[in-house]
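Since the structure comes first, as structure tokens, the remarks are kept for the end.
Predicted, not measured: the structure shown is a model, and the values here were computed from it.
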Amino acid sequence: MTKTVLRALRVPVVVVAGSLALSGCSGLGFLSDAWSRSQVDLVQSFASAEPRPDWPYLDLSDETAQTCGASLPCVQAVGNDYLSIVKFASNSEAAAYATTLGDNGKQIDPLVVQFRQDIPSATREEIIRGVEGVNASSPG
């Protein structure tokens, strides 16, 4: 290739790379946390994990068959005596469900954490941070 052709190719590459850097890659929706969480298999991430007796809150079982259906159009559900995590096909479905839970629910993109018991607020926040850290590249 000649130097002229190489220079002509370099300008668009630099412009695209600079635009992505300035925008924080927000145009790449398929790389967002919301997209990544939509790819996570809750059953594999939580129900198949080794039990943690010192932190039982995220030792969850598959509840998809009992939870998801006509009355609740979710994709997957896992839970225990303390909480459940429900995954929806869209963020808007998750938001609608979280609204019905009031203070006992927290939406995290397509996921909703539903607290089933009175858990201290510091523990709730730690659980929420744990679920917020879940994504397709580090699921659980």
Side-chain angles (χ1 to χ4, degrees):
M1 295 181 122
T2 67
K3 289 183 180 182
T4 305
V5 172
L6 288 175
R7 276 191 217 128
L9 290 174
R10 183 174 27 164
V11 171
V13 170
V14 170
V15 170
V16 170
S19 296
L20 290 174
L22 290 173
S23 70
C25 296
S26 61
L28 300 177
F30 64 91
L31 296 177
S32 69
D33 286 341
W35 178 86
S36 185
R37 288 186 190 104
S38 74
Q39 304 305 302
V40 171
D41 183 325
L42 291 180
V43 175
Q44 182 180 352
S45 297
F46 290 101
S48 301
E50 289 293 318
R52 294 177 52 193
D54 59 324
W55 184 252
Y57 302 108
L58 294 179
D59 288 341
L60 306 170
S61 300
D62 186 358
E63 296 182 352
T64 304
Q66 307 92 289
T67 305
C68 301
S71 62
L72 186 62
C74 53
V75 177
Q76 285 185 309
V78 292
N80 59 25
D81 291 340
Y82 303 102
L83 59 91
S84 65
I85 303 174
V86 183
K87 178 180 165 185
F88 291 87
S90 70
N91 290 356
S92 59
E93 289 175 326
Y97 179 61
T99 300
T100 68
L101 301 174
D103 291 341
N104 287 326
K106 171 70 174 166
Q107 178 195 0
I108 304 165
D109 300 319
L111 308 178
V112 175
V113 178
Q114 176 185 5
F115 294 99
R116 295 178 170 167
Q117 290 188 16
D118 209 15
I119 298 173
S121 61
T123 304
R124 280 183 179 222
E125 290 302 316
E126 194 169 346
I127 292 167
I128 290 168
R129 279 193 306 274
V131 176
E132 286 174 338
V134 170
N135 59 55
S137 64
S138 63

Separation of Gln76 CD from Leu111 CG (nearest 0.5 Å):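 With rounding to 0.5 Å, CG (Leu111) is 9.5 Å from CD (Gln76).
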Ile128 CD1 to Ser121 OG distance, which is reported to the nearest 0.5 Å: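 If I round to the nearest 0.5 Å, the distance is 10.0 Å.
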Hydrophobic cluster membership, Val113 vs Val78, 4.5 Å side-chain cutoff: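 Yes.
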Ile119 reachable from Trp55 in the ILVMFWY side-chain graph, under 4.5 Å edges: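 Yes, one cluster joins them.
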Looking at every heavy atom in both [X] and [Y], which two are closest together, and how far apart are they?
{"X": "Val43", "Y": "Asp41", "result": "N-OD1, 3.0 Å"}
{"X": "Pro110", "Y": "Ala34", "result": "CD-O, 3.9 Å"}
{"X": "Ile127", "Y": "Leu58", "result": "CG2-CD2, 4.2 Å"}
{"X": "Ala94", "Y": "Val112", "result": "O-CG2, 3.3 Å"}

Going by side-chain hydrogen bond (donor to acceptor under 3.5 Å, both in side chains), name the residues that satisfy it together with [X], two or more places apart in sequence or in a different chain.
{"X": "Thr64", "answer": "Asp62"}
{"X": "Ser92", "answer": "Ser90"}
{"X": "Asn104", "answer": "Arg124"}

With sequence neighbours excluded, give me every salt bridge (charged side-chain N to carboxylate O under 4.0 Å, His left out) pair touching [range].
{"range": "residues 81-100", "value": "none"}
{"range": "residues 46-60", "value": "none"}
{"range": "residues 68-78", "value": "none"}
{"range": "residues 98-112", "value": "Arg37-Asp109"}

Leu83 side chain near Leu60 side chain, heavy-atom distance below 4.5 Å: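 Result yes, sub-4.5 Å side-chain heavy-atom pair found.
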Any Asp33 side-chain heavy atom under 4.5 Å of Ile108 side chain: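 Side-chain contact under 4.5 Å: no.
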Set of residues satisfying ring-ring contact (aromatic ring centres under 6.0 Å, His included) with respect to Phe115, sequence neighbours excluded: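 Once residues adjacent in sequence are excluded, Phe115 has no partner under the ring-ring contact (aromatic ring centres under 6.0 Å, His included) criterion.
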Short side-chain to backbone donor-acceptor contact, Ser45 and Leu42, under 3.5 Å: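 Checking the backbone N and O of Leu42 against the side chain of Ser45, no donor-acceptor pair under 3.5 Å is found.
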Qualifying ring pair (Phe, Tyr, Trp, His ring centres under 6.0 Å) pairs, either residue in residues 62-92, two or more places apart: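 Qualifying pairs: Tyr57-Tyr82, Phe88-Tyr97.
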Salt bridge (charged side-chain N to carboxylate O under 4.0 Å, His left out) involving Glu63 - partner list, sequence neighbours excluded: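 Scan of Glu63 (salt bridge (charged side-chain N to carboxylate O under 4.0 Å, His left out), adjacent residues dropped) gives Arg116.
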Where at least one partner belongs to residues 42-128, residue pairs that pass disulfide (SG to SG under 2.5 Å), sequence neighbours excluded: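 Non-adjacent pairs meeting disulfide (SG to SG under 2.5 Å): Cys68-Cys74.
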